[in-house]
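All heavy atoms count here, side chains included; hydrogens, waters and symmetry mates do not. This structure is a prediction, so every number in the text was calculated from the model and none was measured.
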Amino acid sequence: PSAATAPTCALSGLPAGATQTCTPAPAPNPLAANDVIACSATFLAPATGALSITTTAGSGTADPNAGNNVSTQPLVPAARADMAASISGIPANPPAGSTVNGTATCTNNGPSPAANPTCTVGSVPVGATITCAPSPPPNPLPAGQSISCTVSYTVPPSGGITITAVAGSTTPDPNTGNNIAQASSQTVPQADMQAVTTAPATVTAGQVFSVSGSCTNAGPSAAAGATCALSGLPPGTPQTCTPSPAPNPLPSGQSITCTATVTAPASGTLAITTTAGSGTADPNNANNADTRPVAITPQADMAATLTGFP
């Protein structure tokens, strides 16, 4: 019932870095009967384990009931694991037919270990390969550690793709907004137009012969405004191309064929050339033209006549 001289009140069992504040500060000395010293603490809950928070009261005055000088409260922090997904290495505008190697990463930002962690990669092109490490991942996945998945694929002929990475675990996540990452890309079409010329190596002067040129789209994309033409023909020589008109775009694997019937000139060499083209970017311009020389063997028809005989 008396006032307490040199009264004390303190919290213990707090984690490292905790701060505590007691009021009033300093405490009245003596502390009147029924007056209170209140202490509070602020701290970051540990990732695992339990705490035993203890309040200890004391004074320099004799205490008739020391059994209530100490009070302990257990505290078990709830586990939380912030699983975050990210994607790198996916170009925004890759050429059709090129190879892309990207990485999806699922990281446990803590503070607790992540039970049954997962890293899932989806919406990849047909034929893509996905390899994740470590495999299997640690269970639980400690805070600060990651699962890394390599994604490798061939860029499709056209269109766009959006690759998705999803990070997860069965531990409650304090920030689900970063569980999903996406990376989008738009294919830059590529059409390898290839030219091939067929013509005899030698002909005789005045000979009628045939030449042809084939222009094939080797892909991987369709060729917009595809063209095919023969050149190096004698003046006035007509040529015919089929199909006419050519499909626009010309699908990968299809061809345009041009033919001409030629009358060999008196001498020299013809350079019959097939030229293929399109409005779509070509990854190999070196095969857009093909030239075949045709050597002319001169011919002289010498004729004899007799006159003046009676």
Side-chain angles (χ1 to χ4, degrees), residues 83-107 118-133 135 146-168 176-197 213-229 241-258 273-290:
M83 291 293 291
S86 64
I87 299 177
S88 62
I90 305 297
N93 300 108
S98 63
T99 299
V100 168
N101 293 300
T103 302
T105 304
C106 299
T107 302
T118 57
C119 193
T120 306
V121 182
S123 302
V124 296
V126 174
T129 60
I130 302 171
T131 304
C132 297
S135 179
S146 302
I147 303 169
S148 181
C149 297
T150 300
V151 184
S152 181
Y153 62 90
T154 300
V155 178
S158 61
I161 59 173
T162 299
I163 294 176
T164 301
V166 180
T176 57
N178 61 6
N179 291 166
I180 299 176
Q182 293 183 321
S184 297
S185 63
Q186 187 69 35
T187 296
V188 177
Q190 303 277 295
D192 181 15
M193 291 295 293
Q194 301 178 351
V196 175
T197 301
S214 177
C215 300
T216 301
N217 177 15
S221 307
T227 60
C228 190
C241 297
T242 56
S244 181
N248 188 11
L250 182 69
S252 176
Q254 293 196 16
S255 303
I256 304 169
T257 300
C258 296
T273 300
T274 303
T275 303
S278 83
T280 302
D282 194 316
N284 182 14
N285 292 319
N287 59 12
N288 291 166
D290 182 46

Q.
With a 4.5 Å cut-off on side-chain heavy atoms, are N217 and Q254 touching?
A. no
Q.
Would you say that S123 contacts T164 through its side chain, given a criterion of any heavy-atom pair below 4.5 Å between the two side chains?
A. yes
Q.
Could you tell me if the side chain of N101 sits less than 4.5 Å from the side chain of Y153, heavy atoms only?
A. no
Q: Please lay out, stage by stage, how S278 and T227 fare under the test side chain to side chain contact (heavy atoms under 4.5 Å, CB included).
A: CA-CA 6 Å; S278 83; T227 60; over 6 Å; no
Q. With side chains defined as the heavy atoms from C-beta onward, is the minimum distance between V121 and V124 less than 4.5 Å?
A. yes
**Q.** Any donor-acceptor N/O pair, T216 side chain to Q194 backbone, under 3.5 Å
**A.** no
Q: Keeping the roles fixed (side chain from D192, backbone from P283), state whether a donor-acceptor pair exists under 3.5 Å.
A: no
Q: Give a yes or no answer on whether the side chain of D282 reaches the backbone of Q190 with a donor-acceptor pair at less than 3.5 Å.
A: no
(Q) Can a donor-acceptor pair be found, under 3.5 Å and without considering hydrogens, that links the side chain of T187 to the backbone of G159? (A) yes
Q | Under-2.5 Å SG separation for cysteines C228, C258 | A | no
Q. Side chains of V100 and V155: closer than 4.5 Å at any heavy-atom pair?
A. yes
Q. Atom CD1 in I87, atom CD1 in I90: separation rounded to 0.5 Å?
A. 7.0 Å
Q. Is any side-chain heavy atom of T242 less than 4.5 Å from a side-chain heavy atom of I256?
A. no
Q: State the OG-CD distance between S158 and Q186, to the nearest 0.5 angstrom.
A: 8.5 Å
(Q) Return the CG to OG1 distance between D290 and T275, rounded to the nearest 0.5 Å. (A) 9.5 Å
Q: Would you name the heavy atoms of P91 and P94 that are closest together and state the gap between them?
A: O-CD, 3.6 Å
**Q.** Polar side-chain atom of T131 near backbone of T150 as donor-acceptor pair, under 3.5 Å
**A.** no
Q) Could you give the distance from CG (N178) to OG1 (T107), rounded to the nearest 0.5 Å? A) 9.5 Å
Q) Are the side chain of S221 and the backbone of P157 linked by a donor-acceptor contact shorter than 3.5 Å? A) yes
Q) Hey, what do you get for CD1 (I163) to OG (S185), rounding to the nearest 0.5 Å? A) 6.5 Å
**Q.** Side-chain heavy-atom pair P125, I161 within 4.5 angstrom cut-off
**A.** yes
Q: Indicate yes or no: at least one non-hydrogen side-chain atom of M193 is less than 4.5 angstrom from one of L250.
A: yes
Q. What heavy-atom pair brings A226 and A246 nearest, and what distance separates the two atoms?
A. O-CB, 4.4 Å
Q: May I have the step-by-step check of side chain to side chain contact (heavy atoms under 4.5 Å, CB included) for S214 and T274, ending in yes or no?
A: CA-CA 7 Å; S214 177; T274 303; over 6 Å; no
**Q.** Closest heavy-atom pair and its distance - A85, N179
**A.** CB-O, 3.4 Å
(Q) Strictly under 2.5 Å separating the two SG atoms? Check that for C132 and C149, please. (A) yes
Q. If you take all heavy atoms of S252 and P220, which pair is closest and at what distance?
A. CB-O, 3.7 Å
